[in-house]
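The structure displayed is predicted, hence computed values, not measured ones.
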Amino acid sequence: MLVYPSAIDLSSRTLRCLSGLLAGHRRRIGSRWRRLSCGRQALLVLAHLRCGDTYNRLAAGFQVGIATVYRYIREAVDLLATLAPTLEQAMHTIRRKVYVILDGTLLPIDRVAADRPYYSGKKKHHGMNVQVLADLAGRLLWVSDALPGAVHDLTAARTHGIPADGIKCWADKAYQGAGPAVRVPIRGKHLRGWRRRHNRDHAKIRSLGERAIATLKCWRVLRKLRCSTTRITTVVRAIVTLELTS
């Protein structure tokens, strides 16, 4: 197999943070020797999460076995996931905001037609539903656990306890009926007058939340998840940790 140098569009700070986390973990478990150093393991993990490189490609590039790549990635992802903020922890930041932007997105997965719970009728493909809270500038604040793609955004938000008490959210039409704390556009076609202006102004504010989702999907592994659906929440939490600490 041919091997060539490549690049990852992340800062060296992200690499140092993950490398330091791995070094502390190795000291705690008393790991004496590894095929790759903490820095090289961190680079391997970032190449998988950010670039979506497969285990085969990483094994060839780092000159290790596929099983070793799997163990290294799982180890790092599990460590990162434990540091991701819960909704209760994120509330300390969110409560200082005038309001936040709530939106949902579907993370594509490699499932077949028989897996109906994961099929989104809106997006017309299989995936996992995650809810995202962003600030007024579109910066990522919190991401929910992943639910099957067939779950509606409103149902997913209620499952995760959104909106919490005292939190005002701006959201799209999918969240109609979520409660007075969630501001949604006026439904209907061919609106006129103040209703049309209301929806236009609402869309300008809510569209900033798309930046948070775009930031999340810059991690290319989320564009087509091939792992078990039971691992997707852990992968998402790991990426949120990297995004918030970089």
Run I239 and V221 through side chain to side chain contact (heavy atoms under 4.5 Å, CB included) and show every step you take.
CA-CA 10 Å; I239 289 173; V221 71; 3.8 Å; yes

Please evaluate residues K217 and L107 with respect to the criterion side chain to side chain contact (heavy atoms under 4.5 Å, CB included), reporting the C-alpha separation (whole Å), side-chain torsions for both, the decisive distance (0.1 Å), and the verdict.
CA-CA 9 Å; K217 291 191 175 180; L107 303 178; 4.0 Å; yes

For K168, look at atom NZ and say whether over 12 heavy atoms of other residues, nucleotides or ligands are found less than 6.0 Å away.
no

Mark yes or no for whether N129, through its side chain, and L147, through its backbone, hold a donor-acceptor pair below 3.5 Å.
no

Would you check if the side chain of K124 reaches a backbone N or O of G121 as a donor-acceptor pair within less than 3.5 Å?
yes

Parallel, tilted or perpendicular: rings of H126 and Y119 (30°, 60°):
perpendicular

Gap between atom OH of Y72 and atom CG of L36 - 0.5 Å precision
4.5 Å

Smallest separation among heavy atoms of V132 and V143, with atom names:
CG2-CG2, 4.3 Å

Would you say that D110 contacts K224 through its side chain, given a criterion of any heavy-atom pair below 4.5 Å between the two side chains?
yes

Shared ILVMFWY cluster between L133 and V130, side chains joined below 4.5 angstrom?
no

Are any of the side-chain heavy atoms of R231 and V77 separated by less than 4.5 Å?
yes

Okay, side chain of T241, backbone of A84: is any donor-acceptor separation there less than 3.5 Å?
yes

Is it true that a side-chain atom of D103 and a backbone atom of G209 form a donor plus acceptor pair closer than 3.5 Å?
no

Residues which pass side-chain hydrogen bond (donor to acceptor under 3.5 Å, both in side chains) with S120, listed by chain and number, not counting sequence neighbours
none

Show the nearest heavy-atom pair for residues C169 and P163, with the distance to one decimal.
SG-CB, 4.1 Å

Identified side chain to side chain donor-acceptor pair (under 3.5 Å) partner of Q41 from the options R71, R26, R35
R26

How close do C227 and V235 get, heavy atom to heavy atom, and via which atoms?
SG-CG2, 4.5 Å

Hey, which of Q131, R183, H152 is the one that makes side chain to side chain donor-acceptor pair (under 3.5 Å) with Y175?
Q131

Any side-chain heavy atom of M128 within less than 4.5 Å of one from L225?
no

Do you know which two heavy atoms are closest between D153 and G104, and how far apart they sit?
OD1-CA, 4.0 Å

Starting from I66, can I reach L58 by hopping between I/L/V/M/F/W/Y residues whose side chains sit under 4.5 Å apart?
yes

In the structure I gave you, are the side-chain heavy atoms of W142 and L87 within less than 4.5 Å of one another anywhere?
yes

Indicate yes or no: does D135 engage R211 in a salt bridge with an N to O separation below 4.0 Å.
no

N/O donor-acceptor pair under 3.5 Å between R158 side chain and L154 backbone:
no

Using every non-hydrogen atom in the two residues, find where I232 and A146 come nearest and quote the distance to one decimal.
CG2-CB, 3.9 Å

Output the distance between atom CG (L80) and atom OG1 (T234), rounded to the nearest 0.5 Å.
11.0 Å

Transitively linked via ILVMFWY side-chain contacts under 4.5 Å: V182 with Y99?
no

Working to the nearest 0.5 Å, report the span between CG of L102 and NE2 of H160.
10.0 Å

Nearest-0.5 Å distance that lies between atom CD1 in I101 and atom CG in L208
5.0 Å

Would you say CZ of R196 has more than 12 non-hydrogen atoms from neighbouring residues, nucleotides or ligands within 6.0 angstrom?
no

Could you tell me whether the side chain of E210 and the main chain of S207 form a donor-acceptor pair under 3.5 Å?
no

Do W219 and L242 have side-chain heavy atoms sitting under 4.5 Å apart?
yes

For the hydrophobic clusters of this structure (ILVMFWY residues joined by side-chain heavy atoms under 4.5 Å, transitively), does one cluster hold both V236 and L106?
no

So how far is it from L79 CG to R28 CZ, rounded to the nearest 0.5 Å?
6.5 Å

Looking at side-chain heavy atoms only, is the closest gap between I167 and I162 below 4.5 Å?
no

Criterion side chain to side chain donor-acceptor pair (under 3.5 Å) against R237, the qualifying member of T82, D78, D145
D145

If I take atom CG from residue L49 and atom SG from residue C218, how far apart are they, to the nearest 0.5 angstrom?
13.5 Å

Take the angle between the ring planes of Y55 and Y70 and call it parallel below 30°, perpendicular above 60°, tilted in between.
perpendicular

Is it true that D9 and R50 have a side-chain N and a carboxylate O under 4.0 angstrom from each other?
yes

Any side-chain heavy-atom pair from H198 and L191 closer than 4.5 angstrom?
no

Can you tell if the side chain of L44 reaches within under 4.5 Å of the side chain of I73, non-hydrogen atoms only?
yes

Minimal heavy-atom distance between S19 and A42, with the atoms involved, is N-CB, 3.9 Å

Tell me whether V184 is reachable from I213 by hopping between hydrophobic residues (I, L, V, M, F, W, Y) whose side-chain heavy atoms are closer than 4.5 Å.
no

